[in-house]
Amino acid sequence: MKSRQNVLTAALTGLAPAVWGSTYLVTTELLPPDRPLLATTMRALPGGLVLLAVGRKLPAGIWWWRASVLGLLNIGAFNFLLFVAAYRLPGGIAAVIMSAQPVLVVILAAFLLGDRIRAIHALACAMGTGGVVLLVFKGTAPLDSIGALAAVGGALCMAAGITLTKRWGRPEDVGLLTFTGWQLTAGGLALLPFWLSLEDLPDGLTGSHVIGFAYLITVGAVLSYIVWFRGIEGLPAVAVSFLALGSPVVATLLGYVVRDETLSALQAVGAAVVLGAVVLGQRPPGPESGRPASDPPGTAVPHDSRRPVPGHGCSGQGRTHVPPP
């Protein structure tokens, strides 16, 4: 029964990276051009403020800085670094670097959560990276050092965000919607000064722009992050990290179906290898895992005591095919 619950939780949690994989298509087809920080800020901040208004509860005590750290790692810093990498590197190279994120989660989970590193997870990490290479990498290009560092930083942010979200859980008296609102608001506020200083406002908004922003705010942020954070509560951190590899698969398939982009045999093999890595990554890290090394009593619901309830990559093809999650 528990195994069936975990499968269902993993399947529903995987919808979040699938939605994030559609962000590239929405951005190119519906949003104002050359406004990545506007898109990312609008994606996070309005939805976060709405969830705060619904929940009517602000962080208290230690959760002021915890919510800020999680919002910065999961949303603000991650998306900013992702866009820096996307603009300075070909999308394939950025996606390959970002695919190292499950490796980082395996290491962090061993130190912070007590998860045992297993050979099957090492194999899944190798398969995931190799599959992404086949899926999105095209040719060779000079490696921009700033772009490469940004991609590494983005992978570190996502890995740390997943692991710390699992370790800290959430306060006992705070619902998932409010918890998600804290992080979206913190991430959006962190991005706001960069948007205001580095980008100007578009000349005008069209109906397509409004539809695109509405999709990013509701489906691309609020709903997907609620599903994502609930999945982190119900699944091992390592399992969640592998689900993020579904984003480049969805982005590539949508490009093939909607934009008539080519899909080679090697790309199809790469997609299959990535999906195989995701399945292998769902194997539990061991019976002793799932408990934090230490947590202040009474500050959060332990993640191993929360009952899983069925339901936060990167991708690329060509230069800018790296949708933000």
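Residues L31 and L216 have side chains in contact (heavy-atom distance under 4.5 Å, counting atoms from C-beta outward). Looking at heavy atoms from C-beta onward, W195 lies out of side-chain contact with P36 at the 4.5 angstrom threshold. For the pair P102 and T129, the minimum side-chain heavy-atom distance is 4.5 Å or more. Counting only heavy atoms from C-beta outward, the side chains of M42 and I217 approach each other to under 4.5 Å. In this structure, the side chains of T40 and F80 stay at 4.5 Å or more apart for every pair of heavy atoms. Side-chain contact between V210 and T206 is absent, with no heavy-atom pair separated by less than 4.5 Å. A 4.5 Å side-chain heavy-atom check between L51 and T178 finds every atom pair outside the cut-off. Side-chain contact check for V219 versus S224: every heavy-atom pair is 4.5 Å or farther apart.
Distance check: F242 CZ to L235 CG gives 13.5 Å after rounding to the nearest 0.5 Å. One distance of note links CG of L254 with CD of E29; it measures 11.0 Å at 0.5 Å rounding. We find the CZ-OG1 distance between R35 and T41 to be 12.5 Å, quoted to the nearest 0.5 Å. M158 CE to T163 OG1: the interatomic distance, rounded to the nearest 0.5 Å, is 11.0 Å. Between the CG atom of L184 and the CG atom of L177 there is a distance of 11.0 Å, given to the nearest 0.5 Å. Atom CG of L113 and atom CD1 of I162 lie 11.0 Å apart (nearest 0.5 Å).
Although no hydrogens or angles enter the test, the distance criterion places a donor-acceptor pair under 3.5 Å between the side chain of Q282 and the main chain of A239. S247 contributes no side-chain N or O that, together with a main-chain N or O of A18, makes up a donor-acceptor pair within less than 3.5 Å. Proximity of a side-chain donor or acceptor of R43 to a complementary backbone N or O of F213 within less than 3.5 Å is not detected. For the pair S22 (side chain) and V19 (backbone), a donor-acceptor distance under 3.5 Å is present. R170 places a side-chain N or O within 3.5 Å of a backbone atom of V174 that can act as its donor or acceptor partner. Under a 3.5 Å cut-off, the side chain of T185 and the backbone N or O of G48 do form a donor-acceptor pair. Formation of a donor-acceptor pair under 3.5 Å by the Q267 side chain with backbone atoms of L134 is not found in this model. At distances below 3.5 Å, at least one donor-acceptor pair connects side-chain atoms of W64 with backbone N or O atoms of P59. A donor-acceptor contact shorter than 3.5 Å is absent between the side chain of Q183 and the backbone of T180. Not one N or O on the side chain of R56 forms a donor-acceptor pair closer than 3.5 Å with the backbone of V54.
Scanning all heavy atoms of the two residues, the minimum distance from L81 to G153 falls at CD1-C, 3.5 Å. Across all their heavy atoms, G281 and H121 have their closest contact at O-NE2, 3.9 Å. Closest approach of A186 and G71 over heavy atoms only: CB-CA, 4.1 Å. M127 and G276 get closest at one heavy-atom pair: CE-C, 3.9 Å.
Under a 4.0 Å N-O distance rule, the pair E233/K166 does not qualify as a salt bridge.
Clustering ILVMFWY residues whenever any of their side-chain heavy atoms sit less than 4.5 angstrom apart, transitively, puts I232 in a cluster other than the one holding L108. If you chain together hydrophobic residues whose side chains sit under 4.5 Å apart, V257 and V274 fall into the same group. Both V133 and L245 are assigned to one and the same hydrophobic cluster, defined by single-linkage of ILVMFWY side chains at heavy-atom distances under 4.5 Å. When the side chains of ILVMFWY residues are joined at heavy-atom separations under 4.5 Å, either directly or via intervening members, F194 and L201 end up in a single hydrophobic cluster. When hydrophobic clusters are built by joining Ile, Leu, Val, Met, Phe, Trp and Tyr residues whose side-chain heavy atoms come closer than 4.5 Å, directly or via intermediates, L189 is grouped together with L49.
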- Audit row: L280, L123, side chain to side chain contact (heavy atoms under 4.5 Å, CB included) steps and yes/no: CA-CA 8 Å; L280 284 180; L123 174 61; 4.0 Å; yes
- Task: Carefully, step by step, assess V273 and V269 under the rule side chain to side chain contact (heavy atoms under 4.5 Å, CB included).
- Result: CA-CA 6 Å; V273 172; V269 172; 4.2 Å; yes
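Less than 6.0 angstrom separates the ring centroid of W20 from the ring centroid of Y225.
Atom OH of Y215 sits in a crowded spot, with more than 12 heavy atoms from other residues, nucleotides or ligands closer than 6.0 Å.
The aromatic rings of W168 and W63 lie perpendicular to each other, with more than 60° between the two planes, well past the 30° mark.
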